[in-house]
Amino acid sequence: MYNHQEIEKKWQKIWAETGAHKTGEAKGRPKYYVLDMFPYPSGTGLHVGHPKGYIATDIFARQKRMQGYNVLHPMGWDAFGLPAENYAIKNKLHPRQATEENIATYKRQINMIGLSYDWDREISTIDPQYYKWTQWTFIQMWKKGLAYESYEPINWCPSCKTGLANEDLEDGLCERCGSVVEQKPMRQWVIRITDYAQRLLDDLEKLPEWEETIKEMQRNWIGRSEGAEINFAISGADKMIKVFTTRVDTIFGCTYIVLAPENELVADLKDKIKNWPEVEKYLAETKNKTDLQRTDLNKEKSGVVLKGIVAVNPFNNEEVPVFIADYVLNLYGTGAVMAVPAHDERDWEFAQKYDLSIRKSVAPLSNPRDESTESCYADDGVLLSSGEFSGLDSVSARLKMTAWLANNNKGAKKINYKIKDWVFSRQRYWGEPIPMIHCAKCGVVPVPESELPVVLPEVKSYEPTGTGESPLAAITDWVNVKCPKCGGPAQRETNTMPQWGGSCWYYLRYIDPKNDRELVDKKLEKYWSPVDFYVGGAEHATRHLIYARFWHKFLFDIGAVNYEEPFTKLRHVGLVMGEDGRKMSKRWGNVINPDDIAASHGADALRVYEMFMGPFEQAIAWNTNGLTGARKFLDKIDRLAAAFVAPSTEDEESLSLLHKTIKKVGEDIEKFNFNTAISALMILVNKLTDYNNQSGHSAISQENFLHLWQILSPFAPHLAEEIWEKFGHKDSIFKSPWPAYDPELIKDKMANLVISVNGKARATIEVEADIKEVEALVLAQENINVKKWLEGKEIVKNIFVPGKLLNIVVK
RNA sequence: GCCGCGGUGGCGGAACUGGUAGACGCGCUGGACUUAAAAUCCAGUUGUAGCGAUACAGUGCGGGUUCGAUUCCCGCCCGCGGCACCA
């Protein structure tokens, strides 16, 4: 058993002292940028699941360096955010102090695992020299009209006493503390990400090396739907109800209209609504409902008819009643729907409850005259009772009817997106100040760029004010400033940015981390960008990865970067579950700490185990026995190295296997198939060990043996360095070139040919790899186990797969 | 409900483009070494029958295509992840 504590410490020290992981200059050699999603340094430190992705990228980066690439492999900290603030409040610390302590712990743990980051490029989102550029970008967005203020109601967490974006909710509960979220009006900064919806969708096609699953999640999130906007006139009023629908083909079945309660038409029509008290009551009820209650699918639909209001279907001039109901959302489409109970489940349910008429206008293709209304038919079909459009199929009907709307000035084709504008402010302390100034005379004025960064001020109390305002609002001498435009009295914006802000562009800053003139030097950016390989958790598939793509496209549009998409290749890492199969968490007491594993089994064993446990993307439960297996493998390698005795001639089979393994390991690392790479290494090590035990000397020469340590080195870097050194090398193994395999040596001379009869394997015979079908057939017919299946049968045909299989078909 | 992914021994998993299902590891059983244990080494380990050669069954379930299906097609069941009253 090798002493892991000793050698791991030794090599980590040497790597640090020699600057082994420093990035090369941005010129000459081909570059490779391997990036991990930077962590949020929480108070609990790393558990054994966090480094799984880091180990994978480390293996990848180490191999790329040995292959001669100029590798950029950096790490940093996503250090702003509510948990740090809460942790600090709980432990009576300043959030900065708490965050810095957490970062120190994370960094120590990361180094302990032997990860080869270039710490010269470390960045942290809380560094004013970093967030200066987050603020700068925000100002550029504002200049382009992409950042605006909004007073709409927001999600309010009564426990955290702070506003939350929809993205911070989980099932209508506060993602951080679990409280039920209420609605509260609040002034917010919002970013017009919807302007980029179509590009964010279209450009997914330019990312062939992204996993399809993640692209599909983004498509759903963006949620493009093509349809029509239709104007329903309100009879006796000078108003119009605009509805959005993807099913204009069903419009002859429209029997009523539903408005969202918040739709401004409701208030506009107040004078004409005869049952206003009833309506008002319903409005009040809805207002108090949280998103959770409103979006509960199991909830029975409710609504109120607007008496005295009648809308006119533009296609047949038919008058239909108008309702308000909270199942219609004001934020999507136009905040109004045409209800077609015969062809929409929700409308069907609502019509059943309020006994509204149901009229069929689309029949299934299989029964085009079917007018029955016993159930809701939501699929496409053939139009019936639809005037001049009757008889058309749904698809062409939609085209013709949309054209009709446009020609008659009663509507138009319309594309809707589910994605909403991005609420970009938080009423809390621990975030980047939004660099804006409010002047009574000039309105909103950005802080002059020469005055950036707007440094987060020290504050006596960073606890939530409880009023909803940021604690910054209490620092009057910070808040009160002169208006940069008119010089008059003005106030600073006191909201701060969300955690997502700083994490949108950090990968650019690693390229040029100390630049004080610009966000990133464009020449350096041209060389290093885009990120060649990005690895992180699937939970970021939509939010972080959409925000970052948006942010990057904006920077591209203003000429700050060279490429339109930031990440060429993307893979997600599967969770490491607790030994009990549940998510690792304090709550279940199933957390495994990497410090303990590094102490007991060693960092190399941890690395090998986490890569061997299964496919990279898959969530797999931790198993300490499996870890022991990984350690045994490393011990075996150590013994194999120590027992090296040069052979007089090399064993052909072993040499061939070595070269096959070089090929396989190289290809598997490229594909992130680490489990099969390690399996191949185990097979080779087993073979070489057996040979040694049986013959008393090694199977292959020292020169070839060195290749084994080289292909092992990305997985177990400390042990590989140690062995490399024992074989007399002064320089690091990672300075040596990745070995090439010899294509001649991996060719097999002999092959095991499977002989099957009628598709059922009956024998395996060893033959020359290039054996011809006729020769194989002769050998097969001589084989006793095959013979008995051929007796008395007539051979119909043979199927021959060279070097693999001969199937004899008999009758 | 919709979208995506998956279902293989006691366990984690492997299987190229349709070609010997169960590589590799863990666990377990038996043996060697040892006073003993650990470590290490050797043998075995899908099920059923058989001393064995071998035969039959077998990759969630039911069909289909094929000389041949874990792999392709149709219809289900179950699990995981994401989105969700999106008009």
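No hydrogens, no waters, no symmetry mates; every other heavy atom, side chains included, goes into these values. Every chain is numbered from 1 and lettered A, B, ... according to where its sequence line falls, protein lines coming before strand lines.
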Quiz item: Taking atom P of B:G79 as reference, at what distance in whole Å does atom CD1 of A:I620 sit?
Solution: 21 Å
Exercise. Measure from CZ on A:F616 to P on B:G13 and round the result to the nearest Å.
Key: 15 Å
Practice problem: Scan A:D690 against the nucleic acid and name what it touches under 4.0 Å (heavy atoms): base, sugar-phosphate only, or nothing. | Solution: sugar-phosphate
Quiz item: Quick one: does A:K418 reach the base of B:C83 with a side-chain donor-acceptor pair under 3.5 Å?
Solution: no
Exercise. Could you work out the separation of B:G60 and B:C5 based on their C1' atoms and round it to a whole Å?
Key: 16 Å
Practice problem: Figure out the CH2/P separation between A:W348 and B:A87, and round it to whole Å. | Solution: 20 Å
Quiz item: Looking across every strand, which nucleic acid part, if any, lies under 4.0 Å from A:R762 by heavy atom: base, sugar-phosphate, or nothing?
Solution: sugar-phosphate
Exercise. Any chance you could encode RNA chain B as dot-bracket? Rule is Watson-Crick or G-U wobble with both distances under 3.5 Å; [ ] for pairs crossing earlier ones, | for another strand.
Key: (((((((..(((......[....)))((((((.......))))))((((....))))..(((((..]....))))))))))))....
Quiz prompt | Between P of B:C3 and CZ of A:R219, the distance in whole Å | solution = 14 Å
Self-check item: A:N220 versus A:K418, side-chain donor and acceptor atoms under 3.5 Å
Solution: no
Self-check item: Nucleic acid footprint by protein, nucleotides 19-28 of chain B - heavy-atom cut-off 4.0 Å, B for base, S for sugar-phosphate alone
Solution: BB--BBSSS-
Quiz prompt | Worked check of side chain to side chain contact (heavy atoms under 4.5 Å, CB included) between A:V665 and A:I669 | solution = CA-CA 6 Å; A:V665 170; A:I669 291 177; 3.9 Å; yes
Quiz item: For A:T194, does its backbone N or O pair with a side-chain atom of A:D421 as donor and acceptor, under 3.5 Å?
Solution: yes
Quiz item: Whole-Å distance between B:A87 P and A:K301 NZ?
Solution: 14 Å
Practice problem: Using atom types as modelled and distance alone, determine if a side-chain donor or acceptor of A:E610 lies under 3.5 Å from a backbone N or O of A:I55. | Solution: no
Quiz item: What interatomic distance, in whole Å, is found between P of B:G7 and the corresponding atom of B:A43?
Solution: 32 Å
Practice problem: Specify the separation, in whole Å, of atom NZ of A:K414 and atom P of B:A87. | Solution: 13 Å
Quiz prompt | Whole-Å distance separating the CG atom of A:N220 from the P atom of B:G4 | solution = 8 Å
Practice problem: Would you indicate what A:W622 reaches in the nucleic acid, counting non-hydrogen atoms under 4.0 angstrom: base, sugar-phosphate, or nothing? | Solution: nothing
